[in-house]
Amino acid sequence: MTLKTLAPLALLGALGAVPALAQTAPAPVDAHFGHYRPQPEYAEVATTRIYLPLRDGVRVAVRIDRPAANGKPVEGRFPVIWQHTLTTDREADPNEADPGLPQLPATLTRHGYVVVQVARRGNGQSFGEMRGYHDRNEAQDAYEITQWLAAQPWSDGKVGIYGCSNTGDAAVQVMTVRPPALKAVFAGCFSWHKYDAFRRGGIFAQWGTGPNRTIEQDMVQTPVDGDENKVLLRQAAEEHQRSVKLIDLWAGIPYRNSYSPQVASRFWQEGSSANYLDQIKRSGAALYVLGGWYDELRDQGLIAQANVPGTRIVIGPWKHCKNDGFPLLDEVHRFFDKELKGIDTGLAADDPIHYFTINAPAGQEWRSTATWPLPGTEMRRLYLAGNGTLGLRPSLLRIAPREFAVDYKIVCANRGNGPLDTGPFQQPCHVPGAGASYADRPLARDTEVTGSPVVDLWIAADASDANVFAYLEDVAPDGSVRVVTEGRLKASLRQTATAPWKIPGDYPWHRAFVEDVQPLKPGEPVKLSFDMMPSSWVFKAGHRIQITVRGSDERERLRGEGLANRITILTDAAHPSVMRVPVVGAAKIVAVR
């Protein structure tokens with residue numbers, strides 16, 4: 001066991017060192033973010049690293065951080081929050097400006113929580129191998145771990161879980177097996193259905209390499225107590241090499257109902273939380289979702305919020321698992337104090353949906369609502385015209401179609417020049433001259449677009465298939481272009497169906513079963529209907545709304561054969577190509593400190 005003293009690091013800030021077991025009342029609470037800041041009760045943390053054997057003998061590594069005082073753990077029972085992660089080495093850095101959700105809750109030990117990190121089987125210090133990504137093995141592991149945590153002498157029997165990205169997925173998966181001790185889940189940037197997240201529109205773009213590591217990379221992990229020579233760690237690392245490589249798994253299952261011989265299941269179905277909606281509803285655990293308008297999974301969180309009763313969500317102007325400048329720890333703390341300690345933190349009085357509107361007037365960016373889509377949303381129809389214009393008038397449909405060559409070597413010239421262009425989850429960019437762009441006239445007034453735009457495109461191509469990408473863009477008076485949001489669809493998977501869960505908006509859904517494939521006939525027009533991911537954006541007066549359509553994106557993976565070299569967009573009266581944008585009026589404003 002190791003002991004760590006938190007004070008007087010920046011983690012305690014101006015509060016200074018706080019005596020153990022200090023009896024402090026929660027800070028005053030109101031409905032705004034950043035006001036829930038109770039005084040810490042403990043200044044030390046005692047850390048233990050152990051192996052926990054599971055039902056099949058696989059040993060998973062567990063790191064336990066307990067409140068401590070005077071060099072030893074404090075006696076008593078505390079609620080437990082844990083993360084089903086890739087390594088037990090995850091630790092909050094008190095000097096890091098934006099550590100993010102995977103690290104932040106570790107600081108709650110000083111507020112009377114036991115915080116636990118468990119490396120998933122086949123990862124980090126744990127033994128075993130990954131059969132897939134969040135398969136039923138991992139879900140059953142999580143059930144056992146949750147109930148084990150609840151039964152420990154330092155636990156009061158109430159357990160919460162948290163995570164973001166792969167650990168956010170893992171957190172929601174625990175709800176599907178309904179451990180009785182699970183009371184609260186704080187999950188960010190996860191997939192509701194893995195097919196829609198990793199093969200959005202049937203196209204494999206940006207995602208899917210997964211946590212595949214070499215033995216040498218695994219050997220840098222901190223071993224469990226008693227394995228200082230890393231003998232057990234090496235054995236675990238060697239077992240990891242038998243894991244299924246995720247990029248191979250994803251590549252082999254191109255349709256939602258594809259069967260994978262590698263894992264002997266229809267894995268999109270097995271590994272998706274959406275397929276266990278009834279179990280999630282019956283779990284009784286409270287769910288709070290974190291999302292970002294620059295994250296490719298932002299629609300997944302809104303779908304979860306629409307389908308799981310009582311779910312809360314906050315969406316900011318952030319990339320994947322980021323919360324730049326936002327007091328996320330305060331909100332995480334407020335949630336767990338309510339659900340695990342029974343404290344009235346004011347959360348119940350808040351609207352369930354909080355979101356940031358980009359380009360809104362200063363002080364009015366954060367809004368809240370009880371429903372999504374927003375009340376009073378108008379799906380405004382903008383017609384594409386062959387001369388590159390976009391507008392409200394159907395008379396534009398007299399203009400001839402446009403044809404463009406697909407550039408499969410497309411590159412974003414500004415990639416890496418800004419915070420939204422760096423890191424593993426890159427944002428789309430506008431490439432001048434690539435594809436076909438259609439712009440409206442300059443706006444007479446500020447116009448807010450909040451929700452999921454929908455595209456109805458009539459196309460023809462010179463091949464049996466095409467990957468079609470559409471980007472909603474903001475064109476400034478100086479001609480500079482910013483991508484607001486995006487959507488995509490493989491033309492052969494254009495058949496629509498009724499979704500088996502609630503869709504938070506009026507947009508089409510594609511079943512994408514192998515029997516739904518409809519190859520294109522060269523030169524024959526077909527209609528593609530698909531949504532763009534949700535956003536909340538104010539187009540300023542003088543700016544123009546633009547849609548750009550392309551046949552490729554630099555973030556594509558495993559593009560495949562038989563794709564179009566030339567695509568034609570039809571815009572006549574018999575084949576009207578339209579973009580529908582969700583335009584809204586006044587919003588409820590909230591404050592953030």
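In this text, all values refer to a predicted model and were calculated from it rather than measured experimentally.
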*Asks:* Check the SG atoms of Cys321 against those of Cys164: under 2.5 Å or not?
*Replies:* yes

*Asks:* If you look at every heavy atom in Leu182 and Val174, which pair is closest and at what distance?
*Replies:* CD2-CG1, 3.8 Å

*Asks:* What I'd like to find out is whether the side chain of Trp318 reaches to under 4.5 Å of the side chain of Leu290, using heavy atoms alone.
*Replies:* yes

*Asks:* Looking at Asp169 and Phe190, would you say the former's side chain and the latter's main chain have a donor-acceptor pair under 3.5 Å?
*Replies:* no

*Asks:* Any side-chain donor-acceptor pair under 3.5 Å between Glu331 and Tyr288?
*Replies:* yes

*Asks:* If we only count heavy atoms from C-beta on, is the Leu149 to Ser155 side-chain gap below 4.5 Å?
*Replies:* no

*Asks:* Step by step, would you call His320 with Ser165 a side-chain contact (heavy atoms from CB on, under 4.5 Å)?
*Replies:* CA-CA 8 Å; His320 188 69; Ser165 191; 2.7 Å; yes

*Asks:* Is the shortest heavy-atom distance from the side chain of Pro223 to the side chain of Arg49 under 4.5 Å?
*Replies:* no

*Asks:* Name all residues meeting the ring pair (Phe, Tyr, Trp, His ring centres under 6.0 Å) criterion together with Phe127; count only those two or more places apart in sequence or in a different chain, and write none if there are none.
*Replies:* Tyr51

*Asks:* Within the structure provided, determine whether Ser368 and Asp350 are in side-chain contact (heavy-atom separation under 4.5 Å).
*Replies:* no

*Asks:* Do you know which two heavy atoms are closest between Leu108 and Val115, and how far apart they sit?
*Replies:* C-CG2, 4.4 Å

*Asks:* Measure from the side-chain N and O atoms of Glu144 to the backbone N and O of Asp141, and report whether any donor-acceptor pair falls under 3.5 Å.
*Replies:* no

*Asks:* Donor-acceptor pair, Asp227 side chain versus Leu232 backbone, under 3.5 Å?
*Replies:* yes

*Asks:* Taking NZ, NE, NH1 and NH2 as the nitrogens, is one of them in Arg488 or Glu296 under 4.0 Å from a carboxylate oxygen of the other?
*Replies:* yes

*Asks:* What I want to check is whether the side chains of Asp248 and Gln262 have a donor and an acceptor closer together than 3.5 Å.
*Replies:* no

*Asks:* Checking His354 side chain against Arg312 main chain: does a donor-acceptor pair fall under 3.5 Å?
*Replies:* no

*Asks:* Main chain of Ala46, side chain of Arg66: is a donor-acceptor contact present, judged purely on distance under 3.5 Å?
*Replies:* no

*Asks:* Any sub-3.5 Å donor-acceptor pair from Gln147's side-chain atoms to Ala181's backbone N or O?
*Replies:* yes

*Asks:* In the structure I gave you, are the side-chain heavy atoms of Leu347 and Lys338 within less than 4.5 Å of one another anywhere?
*Replies:* yes

*Asks:* Under 3.5 Å, is there a donor-acceptor pair between the side chain of Asn123 and the main chain of Ala119?
*Replies:* no

*Asks:* Can you list the residues that meet the ring pair (Phe, Tyr, Trp, His ring centres under 6.0 Å) rule with Tyr195, with sequence neighbours excluded?
*Replies:* Trp268

*Asks:* Considering non-hydrogen atoms only, spot the tightest contact between Ala184 and Leu340 and give its length.
*Replies:* CB-CD2, 4.3 Å

*Asks:* Of the options Lys194, Arg256, Arg131, which is the one that meets Glu270 in a salt bridge (Lys or Arg N to Asp or Glu O under 4.0 Å)?
*Replies:* Arg131

*Asks:* Among side-chain atoms of Gln269 and His193, is any donor-acceptor pair under 3.5 angstrom?
*Replies:* yes

*Asks:* Are any side-chain N or O atoms of Asp156 and backbone N or O atoms of Lys158, one a donor and one an acceptor, separated by less than 3.5 Å?
*Replies:* yes

*Asks:* Is a side-chain N or O of Gln83 found less than 3.5 angstrom from the main chain of Gly163, in a donor-acceptor match?
*Replies:* no

*Asks:* When you measure from the side chain of Glu239 to the backbone of Gly128, do you find a donor-acceptor pair of N or O atoms at a distance under 3.5 Å?
*Replies:* yes

*Asks:* Answer whether the closest heavy-atom distance between the side chains of Trp154 and Val80 falls below 4.5 Å.
*Replies:* yes

*Asks:* Tell me, with the steps shown, if Arg136 and Gln173 meet side-chain hydrogen bond (donor to acceptor under 3.5 Å, both in side chains).
*Replies:* CA-CA 9 Å; Arg136 290 290 89 188; Gln173 288 281 336; 2.6 Å; yes

*Asks:* Describe, in one word, how the ring planes of Phe198 and Tyr133 are oriented to each other, choosing from parallel (under 30°), tilted (30 to 60°) and perpendicular (over 60°).
*Replies:* tilted

*Asks:* Can Arg555 and Asp553 be counted as an ion pair, charged N to O under 4.0 angstrom?
*Replies:* yes

